[in-house]
Protein chains: 2
Amino acid sequence: MPAPTPPDRYTVRSVQRALRVLEIVSSEPVSGMSLTEISQALGASKSTTLATARTLTAHGILRSIDPGPRYKLGTALIRYGDLASQQSPIGEVCLPILREVSAATGMTARMALAEQGYPVCIERIDGPGTIRFHAPLGRREPPHATAAGKAMLAMLSEERVSEICRETGLRRHTAHTITDVATLFVELDAVRRRGYAVDDEEEVDGVFCIGAPFFDHNGACAGAISVTGIKHDLPGWKLAEMGRLIGHHADEVSKLLGGPGFLEVSSRLSRVTGAPSGRVEAER
Amino acid sequence: MPAPTPPDRYTVRSVQRALRVLEIVSSEPVSGMSLTEISQALGASKSTTLATARTLTAHGILRSIDPGPRYKLGTALIRYGDLASQQSPIGEVCLPILREVSAATGMTARMALAEQGYPVCIERIDGPGTIRFHAPLGRREPPHATAAGKAMLAMLSEERVSEICRETGLRRHTAHTITDVATLFVELDAVRRRGYAVDDEEEVDGVFCIGAPFFDHNGACAGAISVTGIKHDLPGWKLAEMGRLIGHHADEVSKLLGGPGFLEVSSRLSRVTGAPSGRVEAER
DNA sequence: CCGAAGTGTTCGGTACTGCCGAATCAGGTT
DNA sequence: AACCTGATTCGGCAGTACCGAACACTTCGG
């Protein structure tokens, strides 16, 4: 009994499989994976897996380490990753500003793009501090539990935010995560008033972020920049002071993209929602 | 008349095609490519190309920008690239050292892995200078025309070097490129004596590099670190002084990898080749 | 020292997938 | 409005890319 409805007409199964292989291999951080391990995780025969792996290897997407070939991610991915961040001219534009932010705050500075409402970090400048946390690039981060995410959500319509909340389910990450829509809306309102968002141990315990959105030439929120640090050794900065700094630099990014500053966007927003906008302009 | 010999039994054609799509899209730096453009470059029908592109897009490898969908590299590639450089723990280990080198010299510091004799840069720390050149990651660079390449070649057997030369054909990049095997061997000998390699406008006009090899726990040359700068505004450094600095830091990398220092390797080499080793130890 | 069990690799045959081409649809331009 | 460019849809055949089973090879354990 052949399936009467092809799963998806516009999809290439072998390519999908290849991409799943990539996913599988990337999940094994350091030691690489053997062919059988991959084929088991993939649920396909070894011969199929071998052909796929060979093809990927020939293009440098994987590399096989003898003996007893173990597969790891190949250097071509590094190249493509590098090219991908260049294809967003935003990344290029942001780097000097991130460097400035990192130098001024001594923290790790990051830039995230808005990808269907989710923040995806595409650039990062580590601070001089010795402590490093795993801040991977290219990962969709939880919108409700990160500074960049909340900065971006605050610029979206109430309906869109609700939609995103339904998708993610407002998953709890730490004791401080906002897991309830009403509270989130209050928080987003505060973000709009202040011009920057704060993540106070809401995604990772002991870690603290401040983020502010930037805007492209259409006036849409294109992403956010943020700084990340260990809460414990947060230096003598005042929160508001640092928030203003990040906001200022986010506006610089907007300007480079030909977009409006936060002030402009926010006054437009508050005119629509009818909220008083006085505080906004006073703050930033 | 179907080809009696299948092109390659152990290869998946649709995956190959997909990877060629990736290659094609990555070649268009900024504006993205339309479906027809891709399908023309690919030499396949639009329907086929569409299915492939859709599959890649669904996994975040490409992203399609409306209107009139134009395809660009997706953020998943950034993630994989990041993971790939972490899967080489060498990259992780090197970063602080690269930072140090960059800070000490004011130039762009880079780290290349040895991939079948070719240098592939996987990490880079830009110097504070304003001038930036395109130093892409993950690309196989010409071994005979770069400092990192020559540093690595100098650690290989004469036969292996000849082999690589045959492969590349010692292509000329600038007026200063070494295009003849005999000259290259003399140069490599000098590299072995000095402990560092110099690329004096041999790959790109006006650009200047110094590189030194590092070694893994098997004592094999695993790669090289190098600094790159504009020849014109090369500061008041003495060449030998900077060479020693790079060499010193390369040795630090070796140590972190559990490998021998340059001195150790080079004395072993010269014992084999019978060349006098006195100079080597005096230099570094 | 020799088996046994685990690898990775090769190869036939066949079901089905993924290819092409032509037709349709959408949007912008003259 | 008619045109044109480009994206999308769909039918149908061909070939390919699956699977399974047999074959090498290494690594243990007895």
Side-chain angles (χ1 to χ4, degrees), chain A residues 1-25 28 31-59 61-74 218, chain B residues 1-25 28 31-59 61-74 218:
Chain A
M1 188 210 283
T5 30
D8 193 348
R9 172 97 212 189
Y10 298 101
T11 220
V12 184
R13 300 172 85 91
S14 17
V15 174
Q16 265 193 334
R17 200 188 342 265
L19 296 178
R20 282 190 46 220
V21 168
L22 193 53
E23 194 63 46
I24 288 166
V25 172
E28 184 59 52
S31 55
M33 292 189 86
S34 76
L35 187 66
T36 16
E37 284 170 331
I38 299 174
S39 84
Q40 275 165 8
L42 187 62
S45 72
K46 281 195 286 183
S47 26
T48 304
T49 312
L50 180 64
T52 306
R54 283 259 171 89
T55 310
L56 291 173
T57 307
H59 286 252
I61 303 290
L62 295 182
R63 60 190 221 273
S64 65
I65 316 276
D66 291 320
R70 296 187 77 76
Y71 292 92
K72 290 179 146 192
L73 299 180
N218 297 319
Chain B
M1 190 212 281
T5 30
D8 192 348
R9 171 96 212 192
Y10 298 102
T11 221
V12 182
R13 299 171 84 93
S14 17
V15 174
Q16 264 192 332
R17 199 183 347 261
L19 296 178
R20 283 188 45 220
V21 168
L22 193 53
E23 193 65 45
I24 289 165
V25 173
E28 184 60 36
S31 56
M33 292 189 86
S34 76
L35 187 66
T36 16
E37 284 170 330
I38 299 174
S39 83
Q40 274 166 10
L42 187 63
S45 73
K46 281 198 283 184
S47 23
T48 304
T49 311
L50 180 64
T52 306
R54 282 260 171 89
T55 310
L56 291 173
T57 307
H59 286 252
I61 304 290
L62 295 182
R63 59 191 221 273
S64 65
I65 317 276
D66 291 319
R70 296 188 76 75
Y71 294 92
K72 290 178 147 194
L73 299 181
N218 296 320

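Proteins come first, then strands; the chains are lettered A, B, ... in the order of their sequence lines, and each starts at number 1. Heavy-atom basis, side chains included; hydrogens, waters and symmetry copies ignored.
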A/Thr52 and A/Thr55: side-chain hydrogen bond (donor to acceptor under 3.5 Å, both in side chains), yes or no, with the steps?
CA-CA 5 Å; A/Thr52 306; A/Thr55 310; over 6 Å; no
Please confirm whether the shortest side-chain N or O distance from B/Arg17 to OP1 or OP2 of D/dT16 is below 4.0 Å.
no
Would you say D/dT16 has OP1 or OP2 under 4.0 Å from some side-chain N or O of A/Arg13?
no
Proximity to the side chain of A/Ser14 - top-ranked nucleotide from D/dA17, C/dG8, D/dT8
D/dA17
What bend angle does the helix from C/dC1-D/dG30 to C/dT30-D/dA1 show across its length, from five-pair end axes and to the nearest 10 degrees?
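Answer for the end axes of this duplex: 30°.
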May I have the distance from [X] (atom [atom1]) to [N] (atom [atom2]), rounded to whole angstrom?
| X | N | atom1 | atom2 | answer |
| --- | --- | --- | --- | --- |
| A/Ile65 | C/dG8 | CD1 | P | 14 Å |
| A/Arg54 | D/dA17 | CZ | P | 16 Å |
| B/Gln16 | D/dG15 | CD | P | 18 Å |
| A/Met33 | C/dT7 | CE | C1' | 15 Å |
| B/Leu50 | C/dA22 | CG | C1' | 16 Å |

Just to verify, what does A/Ser39 make a side chain to side chain donor-acceptor pair (under 3.5 Å) with, not counting sequence neighbours?
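Result, side chain to side chain donor-acceptor pair (under 3.5 Å) vs A/Ser39: none returned.
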To the nearest 0.5 angstrom, please state how far the CD atom of A/Gln40 sits from the OG1 atom of A/Thr49.
9.5 Å
So do the side chains of [X] and [Y] get within less than 4.5 Å of each other, counting heavy atoms only?
| X | Y | answer |
| --- | --- | --- |
| A/Leu42 | A/Arg20 | yes |
| A/Leu22 | A/Leu62 | yes |
| B/Thr57 | B/Ile61 | no |

For the pair B/Arg63 (side chain) and B/Leu73 (backbone), establish whether a donor and an acceptor sit closer than 3.5 Å, ignoring hydrogens and angles.
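Yes: the side chain of B/Arg63 pairs with the backbone of B/Leu73.
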More 5' along DNA chain C: B/Thr48 or A/Leu35, using each one's nearest nucleotide?
A/Leu35
Mind checking if B/Arg70 touches a base, just sugar-phosphate, or nothing, with heavy atoms under 4.0 Å?
nothing
Checking all strands, does B/Ser47 fall into the base, sugar-phosphate, or nothing category for heavy-atom contacts under 4.0 angstrom?
base
Is there a donor N/O on one and an acceptor N/O on the other, under 3.5 Å, for the side chain of B/Lys46 and the base of D/dG6?
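Check fails, no donor-acceptor contact within cut-off.
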